[in-house]
Peer 1: 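This is the structure I want to talk about, given as structure tokens.
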Amino acid sequence: MAEVGAAILARPALWRSALRQWHRTTPAGWWHRRPFLPVPPAEYLRFRLVTQYGDASRPVAAADVLNYLAWCKLQDR
């Protein structure tokens with residue numbers, strides 16, 4: 001995951017899209033539920049991994065996240 005974070009930090013043009021997606025996928029009232037972190041639900045992440053890679057246990061590739069954020073940026077225009 002650190003590789004993905006570093007890849008995003010190295011591309012300021014995608015920061016706004018990354019923050020938007022993080023905000024959109026963070027559940028309302030996240031501070032009331034464990035793990036008390038503003039992260040998407042595990043079920044959502046598992047679904048995204050299965051639809052992307054066909055396997056939820058495969059590690060996320062930084063290039064795939066960057067492509068996704070670039071696509072989100074285009075869609076938000």
Side-chain angles (χ1 to χ4, degrees):
M1 238 8 181
E3 179 186 344
V4 172
I8 294 169
L9 286 176
R11 289 162 182 82
L14 294 178
W15 290 358
R16 177 180 269 174
S17 293
L19 286 174
R20 244 187 214 146
Q21 289 310 114
W22 171 69
H23 183 263
R24 289 174 177 166
T25 60
T26 301
W30 59 265
W31 56 89
H32 295 293
R33 293 181 291 279
R34 290 185 187 274
F36 306 114
L37 295 171
V39 295
E43 301 83 32
Y44 172 76
L45 293 176
R46 193 173 312 107
F47 167 77
R48 295 293 303 168
L49 289 171
V50 168
T51 56
Q52 174 71 22
Y53 301 117
D55 181 8
S57 64
R58 186 170 182 262
V60 177
D64 291 339
V65 174
L66 295 176
N67 287 335
Y68 172 70
L69 291 175
W71 177 82
C72 290
K73 183 177 178 179
L74 288 173
Q75 297 304 308
D76 285 338
R77 286 187 180 174

Peer 1: How long is the straight-line distance from OG of Ser17 back to CG of Leu66, given to the nearest 0.5 Å?
Peer 2: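 Leu66 atom CG to Ser17 atom OG measures 11.0 Å (nearest 0.5 Å).
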Peer 1: Quick one: CD on Gln21 to CG on Asp76, what's the gap to the nearest 0.5 Å?
Peer 2: 6.5 Å
Peer 1: Any idea which heavy atoms bring Phe36 and Trp30 closest together, and the distance?
Peer 2: O-CZ3, 3.4 Å
Peer 1: If you group Ile, Leu, Val, Met, Phe, Trp and Tyr by side-chain heavy-atom gaps below 4.5 Å, do Trp22 and Val60 land in one group?
Peer 2: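 They do not share one cluster, since no chain of ILVMFWY contacts under 4.5 Å joins Trp22 to Val60.
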Peer 1: When clusters are formed by joining ILVMFWY residues with side-chain heavy atoms under 4.5 Å apart, either directly or through shared neighbours, do Val39 and Met1 land in the same one?
Peer 2: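 In one cluster: no.
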Peer 1: Measuring from atom OG1 of Thr26 to atom OH of Tyr44, what distance do you get when rounded to the nearest 0.5 angstrom?
Peer 2: 10.5 Å
Peer 1: Is there a chain of hydrophobic side chains (I, L, V, M, F, W, Y, each step under 4.5 Å between heavy atoms) that links Leu69 to Trp15?
Peer 2: yes
Peer 1: If you draw a 6.0 Å radius around NE2 in His32, do more than 12 non-hydrogen atoms from other residues or ligands fall strictly inside?
Peer 2: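 Enclosed.
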Peer 1: Under a plain distance cut-off of 3.5 Å, with no hydrogens placed, do Gln52 and Tyr68 share a side-chain donor-acceptor pair?
Peer 2: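 Distance-only check fails for Tyr68 and Gln52.
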Peer 1: Show the nearest heavy-atom pair for residues Ala28 and Arg33, with the distance to one decimal.
Peer 2: O-NH2, 2.7 Å
Peer 1: Step through the shown structure and confirm whether more than 12 heavy atoms of other residues, nucleotides or ligands are within 6.0 Å of CZ on Phe47.
Peer 2: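 Counting other residues, nucleotides and ligands, CZ of Phe47 stays at 12 neighbours or fewer.
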Peer 1: How close do Lys73 and Leu14 get, heavy atom to heavy atom, and via which atoms?
Peer 2: CD-CD2, 4.3 Å
Peer 1: Measuring from Arg46:CZ to Asp55:CG, what's the distance to the nearest 0.5 Å?
Peer 2: 12.0 Å
Peer 1: Locate the shortest heavy-atom distance separating Ala18 from Ile8; write the atom from each residue and the value.
Peer 2: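 Scanning both residues completely, I find the closest heavy atoms to be CB-CG2, 4.0 Å.
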